[in-house]
Structure formats: structure tokens, C-alpha cells
Amino acid sequence: MKKNKLALMAVIAMLVAAFFALDLGRYFTLDFFRSQQAAIDSYVQVNPVQAGLSFFLVYVAVTGLSLPGAAIMTLAGGAIFGLLWGTAIVSFASTIGATLAFLASRFLLRDWVQEKFGDKLKPVNDGIARDGAFYLFTLRLVPVFPFFVINLAMGLMPVRVWTFYWVSQIGMLAGTLVYVNAGTAIGRIDSLRGILSPGLIISFTLLGLFPLLAKWMVGTIKARKVYAKWPKPASFDRNLVVIGAGSAGLVSAYIAAAVKAKVTLIEKHKMGGDCLNTGCVPSKALIRSAKLLAAMKRASEFGLKSAKADFDFADVMERVQRVVKTVAPHDSIERYTRLGVECITGVAKITSPWTVEVKTAEGTRTLATRAIVIAAGARPFVPPIPGIDDVGYLTSDTMWDLRELPQRLVVLGGGPIGCELTQCFARLGSRVTQVEMLPRIMIREDPEISEMMLRKFEREGVTVLVDHRAKQFLSENGEKILICEHGGREIRVPFDALLCALGRVANTQGYGLEELGIPVTGLRTVEVNEFMQTIYPNIYACGDVAGPYQFTHTAAHTAWYSAVNALFGSFKKFRADFSVIPWATFTDPEVARVGLNETEAKEKNIPYEVTTYGIDDLDRAIADENAHGVVKVLTVPGKDRILGATIAGEHAGDLIIEFITAMRHGIGLNKILGTIHIYPTLVEANKYAAGAWKKAHTPKQLLKWIEKFHAWMRG
Ligand SMILES: Cc1cc2nc3c(=O)[nH]c(=O)nc-3n(C[C@H](O)[C@H](O)[C@H](O)COP(=O)(O)OP(=O)(O)OC[C@H]3O[C@@H](n4cnc5c(N)ncnc54)[C@H](O)[C@@H]3O)c2cc1C
């Protein structure tokens, strides 16, 4: 660090240290001010200019050095100098002080911070460069962070000094006025009656209401800004237009129709979206057939001499389609029309915050609507690996058309979809190689769960290649080959078919988001606030397109907030609650989770206790020949509060519901233990886990006394 920087840092450190060492903070309390008020008032009467100047300089020093005391000084400013002069002095002093703190932070730290964290700060820097003045104005008006933090943080960002100065002065003016006004009232308190004077009550009411009013003002200014260039229709034909009829869109439309809103649901492909046609439903149907085959292979374990399955892969895939067809009426145009939803088959495009254009077989129409819900879903991610297009690939969108079983299948991806499909195809007879770049499959779960699944897959004949990065695809002498990199070596994997299961990317292009300037996040989902609103307060997004989770149940969950806020937000808006989100991977054994696991607790530095119960000990699991798996519960140390639970085992996706309910409603393990569970069931595993926790928390001293009591009773 350069000498001048070191010198400045030393001066600031000395002044701050002196403030605390000499306990100067005692002069910045309301009590001290009240005790000195009479003396101060008489000094001000005799020396108004000196008093004003001294007050001004002290205020600048306090804010410039980020010392505590500015709020009290603002109140005192009102009490000493009155509303007009008090506001003028405080407004300039606070802005100059803030700018000095800003400059000090910039001079001392900006280069270092930007050099060290520049990559991570890029989105913040870009946002500040684009809208810095507005962000600053918002932070000044709605003081969610202490002002000194804003001064120092803004010094590190690409904001011009002059912009910082004038935005701060204007942004803080309203707050200064309210505080100084409250201060003038404090100055007038000279008796108990003064405390209850209407002026004082109004001043303090304003003080309390100010943050709410400021928030409302910022919201209104923001909304005006985004809507400015769009002409608003005089009236609307609809209350709500929903784009996409997957899980999120269907739930949004259902809710709107249920509360008698006029709602139109637009779907360009198949009603039911991903879950019904290419996701949950077909995958679970395929898993069921594969599971039956796997059980038959274990016939001898069940006391049967043999069981042979004669099957054709094409028939299995036809069954999958039969299941989809059977479920399809739940999501059909007929059902939704009966429910009161107008369903249109066509491609939707948002053309303004209040209009949606639909291209149908009959032509193009424009619908005027008060609100829009974007539920456009996601699509499989296909990595740009050289040669991938030449060898061809399947995804979860296209694999359902397969009627011939691939002999050698490469599955790219060790996440939930990759794992479910890997096991299915292996059980149906493919030789599957699963390739994962990370050190383990099911990376979101704890390491021992990943390890358990890896061992299970290997026992079922799957080759699992973790820590292998797919680098290139080739065709050599008519054979397809994947080249992976592993520990600096090249590994060649010959195959017949390739399935990409590397996650799903939100559909954010081609239907108006770009034209409306609706931003996407770093994860490439539509950016929404806690109410599921985009930057246009009447346009909402939910489901896979908005994230942060990509499940059918979370799509339905976020759809509820989108639809309810879109229709009733002018009266009351609800914040999306992501506090208890469960999920399951439907491998065999299933892996289900709610809340924290150990890995996340460690990453987030959250103290926890772990209780485990091995399902190999459970009567029903033993009777079912499924005696494997674990229930793992995390609790707050020394307290009966559940932080999270993971279950790996048969029907884990069903068993976890007890922990979901417990977490959602604040129920602890004592209550689970005190609930009668039917014998013999798999769900008893939860009760035994609760029992293990209880045993570990028995009051040992009390037991010793009870033992003595029994001994005494025996005589
Ligand atoms: C193989 C697989 C297995 C899965 N298993 C499970 C599981 O077991 N449990 C679980 O919870 N989740 C599972 N999922 C995830 C689940 O399917 C999705 O999270 C869920 O379907 C997302 O619903 P959505 O409504 O957000 O999107 P989607 O279902 O993708 O719906 C979006 C719809 O919008 C339409 N659309 C897009 N743009 C336009 C436009 N401009 N105009 C008109 N229409 C448009 C699309 O055609 C689509 O129908 C699985 C996914 C896959 C791929």
C-alpha cells in the first residue's frame, strides 16, 4: 500500500480509536442533549453563527468518520435550530460527511476490492453502472442499511462522486426533514403535557410512517420508470393471461378461474408441459417397469426358485405413453375450459406490459390484459462439446420416442434426472456408462448418500465415471466414442446412444422478454422479486422459468403466489415462502430431502446435531427384503427444532412428508415420537429416528436418581 494511503488510514484509525477510547459517544445521546439543552439554547442565542458552524463541523466529522451519533445529532439539529435552519445545516453536513466517507473508502479500498473480487462483483458493477443513481436514491430514501455502510460500499462501486453527492442530498432530504421536525418537537417538551402534544404525536407518527411512505414512493417511481414508454390500454378484456400450460401455468389459471377472474391460458405445444409429457409422469412410469424387472431378478431372495420376464422395450415405452394418456385429462383443454379458463393453442408473445399477441392456426390475435403470468418452463441443457451434434444425442424431451433399447448408453450427468434414467436403462438391459464431471453423483446430497447410490449403481452393472469431464465426441469406423478427461488422462468410452441429462435452462427468449427489457438472473432464469414480480409489477413469472427450484411442486407453489399477487396485489401481496422446500430423486432406493443436510449446514456455518437411524434394522424393511437406507435428521444443538431431514430408502419420497409437516408447522422430534405409527410400516423409521434423538438427550442425572428411587422401592 502506498505511503499516502497508509497515512490516511492511520489518521482515520486514530480518530475512531480516540472516539471510543475517550467514550465520546456519551455526548451523542438524547439524555446528554436534554441535560445540556438550556445551556446550548442560551449559547445559540448569543452566538448563532459560531453555534451553527460548530454543529455543522461536528456533524461532518461524525458522518465522515462513520461514527455513531448522526441520528441523535439530526434530532438535536431540529431542537436547536428549528425546522428550516436545522434541515439546511443537517442536509449539507450529512451529505458532505457522507461524501468524505465515500471518498475515503474509494481512495483506500476500491482498487484492492475490485482487483480481488472483480469477477464476483461484475453483475453488481454492471447494475450500478446502469442504475447506480436509482439504487442509491432508493437506499437513501428507504434506509434498510445504515447510512455509513452505504457510504463505504458506494465508494467501492463505479459511481461518480458528483452523482453520489447530489443523489445523496436529494435522497436523504425527506428523511432529514422528518427527523429534524421530530427534533423540533423534542425541543418543546417541557412537561408531561408536552409529551402528549398533538405536534409531537404527529412528528413521531411521521417518523414511524416515513419508511413505509418512502418504500411506496420508490415503488411508484420505479413502476413509472419501466412503464413510461408503453401506452396503457383504456380497458382490458382479461384480468390475467398465462403463458405456458405446464404445472405452473395450469395452477395459475386454475386459481384465477376459481376466484372468478377472466383468465386465458396459452400453450404452444402440449397441455401439461414437461411434467406430464416428458418429465415426472413418463419417467415415473418407466421407473416402475424397470423396478419390477429388478425385483424379478431378485426372485430367489423372496423364496422363489426363479422368475423370468420376457419383454420388449417397445412395449414398455408404449405403456409409458398409455400412462401419460391416462393422466392427460387432468391437464386437458376440456377440463380447464369446464373450470372457466379460456384455453388457446398458439405461440404467445408479450408485446407490451398489458398486451399479449397469440399466433394460432387461425391467425394472430392480440389480448389486452391487466396482468400476465409467465410460465414458459425450461428445456434440457445440451453442452457445446465438440462433435456432439455429429454423433447425435437424446434428451429428456426426445427419449420418449425410443422404441429400440440402446445397447451401450452414455448418460451425461449425475444429477437427479441423470441418476433416475441411468438406473432405469441399466435395469432394462442397456450397458450404461454414467459420466459426471464433479467428484460424486447426486452432488446436492451428503457424501455418504452419493456413495450409497454409487455402490448400488455399480452392483446393478452401471459404470459410473465421476471426476470425468466430457471433452469431445468422435465417430471412428462407424463407432461413436466419447473422450473424457480424468486426472490429466484421456478416457475413451464407446457407445451407441447418448443421453444428455445436465440440467434444464429456462426458456427466456423469443416471446417478448428482450423487447420489454425484462432481465434474467445469473442462473438464466427470469428475474423476479419476493412476490414473483418481474420489473413490471403486473408481469409475474413462476415455475422452472423463474426458479429457484425446478420441480412440479415448486412450480405449483410459485404459481400460487404469482396468480394471487397478480389478481389481488393492489390490496395485499404475499411473499413467496421458500423456507421448507422438499424434493425426492426416484432412484431405487429413493433419496428424499427437506431443509438442510450436513453438507449445507457446514457450508453455511450453521451449528447442528445429527441423528441417524439405519433402515436395515426396521422390521417392515426386513420383511420386504428392502432392509437398507438411512433416516438422517439435523436439529439445533440442545433443542428440539428440526433443521432438515434426508431419507434414503424404499418410498423415501413418501416417508419424508412427516418431516416436511413437522418443519412447516414447527413440530419437533418429541411430537413425532409421541405419535402412534402403524406397525409394521416403513414410516416407523421416522419414529425410530426421533427415538434415537430422544435417547441421546435423556437427562442422565435424573435417570440416576430414578434408579436410586427404584432401588429404594425394592427395599
Ligand atoms: C425427466 C424428468 C423427470 C422429472 N421428474 C420430476 C419429479 O419426479 N418431480 C418433480 O417435482 N419434478 C420433476 N421434473 C421437473 C418438472 O417436470 C418441472 O419442474 C415442471 O414440469 C416445471 O413446470 P413449468 O410449468 O414451470 O414448466 P413446463 O412444464 O416446461 O411448462 C412450460 C410450458 O410453456 C409452454 N410455452 C413456452 N413458451 C411458450 C410461448 N411463448 N407460448 C405458449 N406456450 C409456451 C411450453 O410449451 C410448456 O408446455 C422432472 C423433469 C424431467 C425432465
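Counting starts at 1 for both ligands and their atoms, following the listed order.
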key: Short N-O contact, K573 and E530, less than 4.0 angstrom   = no

query = Is a side-chain donor or acceptor of R459 paired with a backbone partner of L454 at a separation under 3.5 angstrom?
reply = no

inquiry  = For ligand 1 and F551, I'd like to know whether there is a polar contact (N/O to N/O, distance under 3.5 Å).
reply    = yes

S283: numbered ligand 1 atoms lying under 4.0 Å from its heavy atoms = 3 (C)

ask   = Can you list the atoms of ligand 1 that are under 4.0 Å from a heavy atom of F586?
value = 8 (O)

message = So if I count the atoms of ligand 1 from 1 in the order they appear, which ones are less than 4.0 Å from some heavy atom of A376?
response = 32 (C), 34 (O), 37 (C), 38 (N)

note = Counting from 1 in the order shown, the ligand 1 atoms closer than 4.0 Å to a non-hydrogen atom of Q550 are 15 (C), 19 (O)

message = Run the ring pair (Phe, Tyr, Trp, His ring centres under 6.0 Å) test on Y536 and Y227 for me, step by step, so that the C-alpha distance in whole Å, both residues' side-chain angles and the decisive distance to 0.1 Å come before the verdict.
response = CA-CA 7 Å; Y536 294 88; Y227 288 123; 5.6 Å; yes

query = With sequence neighbours excluded, what pairs up with W560 under the ring-ring contact (aromatic ring centres under 6.0 Å, His included) test?
reply = F574

request  = Would you check if there is a donor-acceptor pair between the side chains of R238 and T264 at a distance under 3.5 Å?
outcome  = yes

note = Counting from 1 in the order shown, the ligand 1 atoms closer than 4.0 Å to a non-hydrogen atom of G543 are 26 (O)

Those atoms of ligand 1 less than 4.0 Å from some heavy atom in H553 = 11 (O)

inquiry  = Is the contact between D544 and ligand 1 made by the side chain, the backbone, both, or neither, using heavy atoms and a 4.0 Å cut-off?
reply    = both

ask   = Is there at least one pair of N or O atoms, one from W400 and one from ligand 1, spaced under 3.5 Å apart?
value = no

key: Listed once per pair and sorted, the salt bridge (Lys or Arg N to Asp or Glu O under 4.0 Å) pairs that draw on residues 385-403, sequence neighbours left out   = E318-R403

key: Ligand-residue contact atoms, ligand 1 with D274, heavy atoms, under 4.0 Å   = 16 (C), 17 (O), 18 (C), 21 (O), 28 (P), 29 (O), 30 (O), 51 (C), 52 (C), 53 (C)

query = Is the closest heavy atom of G346 to ligand 1 under 4.0 Å?
reply = yes

query = At a non-hydrogen distance cut-off of under 4.0 Å, which region of K349 contacts ligand 1 (side chain, backbone, both, or neither)?
reply = neither

request  = Please determine if C275 has a nitrogen or oxygen closer than 3.5 Å to a nitrogen or oxygen of ligand 1.
outcome  = yes

note = To atom 32 (C) of ligand 1, the nearest of P582, A375, G273, G244 on a heavy-atom basis is A375

query = Do any nitrogen or oxygen atoms of T278 lie less than 3.5 angstrom from nitrogen or oxygen atoms of ligand 1?
reply = no

message = Taking side chain to side chain donor-acceptor pair (under 3.5 Å) as the criterion, tell me which of H269, R504, R379 meets it with D274.
response = R504

query = Does ligand 1 have any atom that is closer than 4.0 Å to a heavy atom of R504?
reply = yes

query = How does Y511 reach ligand 1, if at all, at less than 4.0 Å between non-hydrogen atoms: by side chain, backbone, both, or neither?
reply = side chain

task = Give yes if a backbone or side-chain nitrogen or oxygen of A248 is under 3.5 Å from a nitrogen or oxygen of ligand 1, and no if not.
result = yes

query = ligand 1 and A348, any nitrogen or oxygen pair closer than 3.5 angstrom?
reply = yes

request  = Below 4.0 angstrom from a heavy atom of S396, which ligand 1 atoms are there? Numbered from 1 as shown, please.
outcome  = 1 (C), 53 (C)

Selection from K268, H269, E267 by shortest heavy-atom distance to atom 35 (C) of ligand 1 = E267

